[in-house]
Amino acid sequence: MLGDTSFEDTAGGDRHGRRALILVENLSVPFDRRVWQECTTLRDAGWEVHVICPRGEKRDTEPQALIDGVRIHRYPLRAATGGPAGYLREYGSALWHTARLARKVGPVDVVHACNPPDLLFLPALWLKRRGARFVFDQHDLVPELYLSRFDRGEDLLYRAVCALERRTYRAADVVLATNESYRDVAVRRGGRRPEDVFVVRSAPQTDRFQPVPPEPELKRGKPHLLCYLGVMGPQDGVDYALRALAKVRDELGRTDWHAVFVGSGDAFDAMVELSRRLGLSEQVQFTGRIPDADLVRYLSTADVCLSPDPRNPLNDVSTMNKVLEYMAMGRPIVSFDLREARVSAGDAAVYAPANDEAEFARLIALLLDDPEKRARMGRIGQERIRGQLSWRNSQASLLAAYAAACRDHAPVPAGTPARTGWRPRR
């Protein structure tokens, strides 16, 4: 169970092991599940773990917290609006807060920066000059993200993000890649030695994703439930899924389904409006973000899960968390044919040609008519999550990366004072 405490500026803290500082900009912690798994893995290995991240809007709102032994420092951050300029403002604010809080944390053995953006090498360099080693955790390929999200081509800002990526690779002692495609980029484009790049795949928390008995009432009176889980941004393909569902209804004559879209993002309102324009409002439900217990109820009831990420420079080489979470719940998946989607899902998914909405619709109907195939695909997915895609394998790789980063590096002296102390909230 999560224990939550606040802290004040008094000396203290567990100083027996090495100290790690994890920098995160785009999500709060522990809401960022990958980062939280990394935190707890390091904690269990004897590290004193600090995290600097933004505050959440509805959860993770406290400026400081001690959760299961992990010390979290959060700063206020307004979400970006207005295209690239808005992101520059957001990232500049995050960078200032990160540097401010890093000074409070004090000396660390490892600074572990999670992108995007590729600006966190700046506070990492400052900490390196004070003896820390730098682990770059590449969650996204920012140049590909820029091309996929803004459709501006290889303009001046694109060249700028490429330059920032090069500086980040150059500054890092060790690079963590989420899959082999990202590892290849680190070696080929980043000039990193293969032995300095470690694949730490994201994996769902299996204790969080445990199926429960299905609830037929969630299907709103229909025989079948379709489910989408994830972020709703311009590059995430929710629009492809909605147009495919319109084809299921209009071209295949199927109205025997209800669909639920779980999640939020800066395209949420636009997707609700698109659903209305397509005449899907009666069959498509948007929940926004929901508690874990409700998420599990929907996934346990779903007959088919949707992964409509279109092929673009980022999606083709990225591992989609929702695919892994569908698999953990034993759900069959319809996906577009992306390189890393096949690596993750294998035979737990069926694949439409890239961005082909008509074929995506046909595959949805095919699975709705074949319960045996759905059950078989679900079992395959669960076996993959428990086996080769298990977090156990990623834990070993993460700890190997930290060992490589700290090779021949003396730990922060036990008597070095930290500038933050901790005590339970009264």
Side-chain angles (χ1 to χ4, degrees), residues 33 58-59 204-232 236-249 252-265 268-269 271-272 274-276 278-308 320-335 345 348-350 360-361 363-379 381-382 385:
R33 302 292 182 177
K58 297 181 179 179
R59 54 178 293 176
Q205 295 175 292
T206 52
D207 57 344
R208 177 185 178 222
F209 289 95
Q210 288 289 332
V212 298
E215 300 180 29
E217 59 270 22
L218 297 179
K219 299 184 179 185
R220 299 284 183 91
K222 301 291 185 177
H224 303 295
L225 179 67
L226 310 175
C227 189
Y228 171 90
L229 162 65
V231 177
M232 298 186 191
D236 294 304
V238 175
D239 54 333
Y240 284 81
L242 291 171
R243 289 190 293 267
L245 292 179
K247 292 180 182 296
V248 172
R249 180 197 61 194
L252 301 180
R254 300 287 296 262
T255 59
D256 57 343
W257 51 270
H258 176 69
V260 60
F261 285 71
V262 178
S264 64
F268 180 87
D269 291 340
M271 295 302 99
V272 174
L274 176 59
S275 176
R276 187 194 65 77
L278 292 170
L280 292 171
S281 298
E282 294 299 316
Q283 282 190 265
V284 173
Q285 172 188 1
F286 290 86
T287 69
R289 288 179 178 169
I290 59 177
D292 284 356
D294 291 333
L295 170 61
V296 168
R297 291 170 55 229
Y298 279 113
L299 290 178
S300 296
T301 306
D303 297 285
V304 175
C305 287
L306 309 179
S307 184
M320 304 301 172
N321 287 335
K322 60 179 167 287
V323 169
L324 304 173
E325 291 163 353
Y326 296 156
M327 293 163 64
M329 292 294 293
R331 302 298 94 186
I333 303 161
V334 179
S335 171
V350 290
F360 198 94
L363 291 175
I364 291 173
L366 181 150
L367 288 182
L368 292 182
D369 289 335
D370 195 339
E372 291 183 4
K373 183 177 181 68
R374 297 200 307 264
R376 184 167 62 251
M377 292 169 63
R379 288 193 296 270
Q382 287 183 316
I385 292 296

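- Listed here is the closest heavy atom pair of R249 and T255: CG-CG2, 3.9 Å.
- Electrostatic pairing of R243 and D239 counts as a salt bridge here, judged by a charged N lying under 4.0 Å from a carboxylate O.
- A 4.5 Å side-chain heavy-atom check between M329 and C227 finds every atom pair outside the cut-off.
- Side-chain contact check for I385 versus P204: some heavy-atom pair is nearer than 4.5 Å.
- Residues forming a side chain to side chain contact (heavy atoms under 4.5 Å, CB included) with A259 (at least two apart in sequence, or on another chain): L226, L245, W257, F261, V284.
- With sequence neighbours excluded, the residues that form a side-chain hydrogen bond (donor to acceptor under 3.5 Å, both in side chains) with R254 are D256, D369.
- Of all heavy-atom pairs between A244 and A361, the closest is O-CB, 3.4 Å.
- Looking at heavy atoms from C-beta onward, V296 lies out of side-chain contact with Q210 at the 4.5 angstrom threshold.
- A distance of 6.5 Å separates CG in L278 from CG in L242, rounded to the nearest 0.5 Å.
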**Message:** Could you walk me through whether L299 and C305 satisfy the side-chain contact (heavy atoms from CB on, under 4.5 Å) test, starting with their C-alpha distance in whole Å, then the side-chain angles of each, then the deciding distance to 0.1 Å, before giving a yes or no?
**Reply:** CA-CA 8 Å; L299 290 178; C305 287; 4.0 Å; yes

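- Atom CD of residue E282 and atom OG of residue S275 lie 9.5 Å apart, to the nearest 0.5 angstrom.
- Among residue pairs with one or both ends in residues 322-333, those qualifying as side-chain hydrogen bond (donor to acceptor under 3.5 Å, both in side chains) are D309-K322; sequence neighbours excluded.
- Partners of Y298 under the side-chain hydrogen bond (donor to acceptor under 3.5 Å, both in side chains) rule, at least two apart in sequence or in another chain, are Q285.
- The shortest heavy-atom contact between S307 and F360 is O-CE1, 4.0 Å.
- By the side chain to side chain contact (heavy atoms under 4.5 Å, CB included) test, D294 is found to be paired with I290, P291, R297, residues two or more places apart in sequence or in another chain being considered.
- The two residues R374 and L368 make their nearest non-hydrogen contact at NH1-O, 3.0 Å.
- Residues that satisfy the side-chain hydrogen bond (donor to acceptor under 3.5 Å, both in side chains) test with S300, not counting sequence neighbours, are absent from this structure.
- For the atom pair CG (L274) and CG (L280), the distance works out to 8.0 Å, reported to the nearest 0.5 Å.
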**Prompt:** Given the rule in the side-chain contact (heavy atoms from CB on, under 4.5 Å) test, do L367 and V334 qualify, once you have shown the distances and angles that lead to the verdict?
**Reply:** CA-CA 9 Å; L367 288 182; V334 179; 3.7 Å; yes

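- Pairing each heavy atom of M232 with each of G263, the nearest pair is CE-O, 3.6 Å.
- In terms of heavy atoms, Q382 sits closest to P211 at NE2-CG, 4.0 Å.
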**Request:** Apply side-chain contact (heavy atoms from CB on, under 4.5 Å) to the pair L306 and I364, showing each step before the final yes or no.
**Result:** CA-CA 9 Å; L306 309 179; I364 291 173; 3.8 Å; yes

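- The salt bridge (charged side-chain N to carboxylate O under 4.0 Å, His left out) pairs that include a residue from residues 216-232 are K219-D303, where partners are two or more places apart or lie in different chains.
- Take R276 and apply the side-chain hydrogen bond (donor to acceptor under 3.5 Å, both in side chains) test, not counting sequence neighbours, and it matches E273.
- Every side chain to side chain contact (heavy atoms under 4.5 Å, CB included) that V272 has, sequence neighbours left out, goes to F268, F286.
- D292 pairs by the salt bridge (charged side-chain N to carboxylate O under 4.0 Å, His left out) definition with R33, R208, not counting sequence neighbours.
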